[in-house]
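Only this structure's heavy atoms are used, side chains among them; waters, hydrogens and symmetry mates stay out. This chain uses plain numbering: 1 for the first residue, then up along the sequence.
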Amino acid sequence: MASTTPTKAEVLWLFRSLLRTARQFCDYNVREYTKRRTIDAFRHNKSLSEPSHLSSVFSDGKAQLDLAKRQALVYKLYAPKMTSIMDLKPTI
C-alpha cells in the first residue's frame, strides 16, 4: 500500500480505528494519551498533499494502529486488580 495514495475513506477508517483502539485501554492516562496523540497527528498531517509523503504517513499510521492494538491486549492481560485508590475499602 506504500506505493498508492490512500483515499479519504481509508484515512477516515484509520482515524476511527485508532480512536476505537484507544477506548480499549483500561488505564485512563494511556487511553487519553492515545486519543490525544491520534487527534494531534491527524491535525498536523491534514495539509499534506504530496502523494509519496501521504503514503508514507498512512503506512506509519497503520503501523501505529497495529502497535496500539498489541499494547491494548497486553494491558488487558496484565491489568491491575484495582484501577483506582478510591476502590480501597477502609479497614478500621
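In this structure, CG on Leu73 lies 9.0 Å from CD on Gln24, to the nearest 0.5 angstrom. A distance of 8.0 Å separates CD of Gln64 from CG of Leu18, quoted to the nearest 0.5 Å. Taking NZ from Lys46 and CZ from Phe15, the interatomic distance works out to 11.0 Å, rounded to the nearest 0.5 Å. Distance check, rounded to the nearest 0.5 Å: OG1 of Thr5 to CD of Glu10 gives 9.5 Å.
Applying the salt bridge (charged side-chain N to carboxylate O under 4.0 Å, His left out) test to residues at least two apart or on different chains, the pairs with a partner in residues 28-43 are Glu32-Lys35.
Minimum heavy-atom separation, Ser56 to Ser59: O-OG, 2.9 Å.
Hydrophobic clustering (side-chain heavy atoms under 4.5 Å, transitive across Ile, Leu, Val, Met, Phe, Trp, Tyr) groups Phe42 together with Leu19. Leu67 and Leu65 are members of different hydrophobic clusters when ILVMFWY side chains are connected at heavy-atom separations under 4.5 Å. Ile39 and Tyr33 fall into different hydrophobic clusters, where Ile, Leu, Val, Met, Phe, Trp and Tyr residues are linked whenever their side-chain heavy atoms come under 4.5 Å apart, directly or through other members.
Between the side chain of Thr21 and the main chain of Ser17, a donor-acceptor pair closer than 3.5 Å is present.
Results of the side-chain contact (heavy atoms from CB on, under 4.5 Å) test with Leu54 over Thr4, Val11, Leu48, Asn45 single out Leu48 as the only residue that passes.
A search for side chain to side chain contact (heavy atoms under 4.5 Å, CB included) contacts involving Tyr75 returns Phe25, Val30, Gln71, not counting sequence neighbours.
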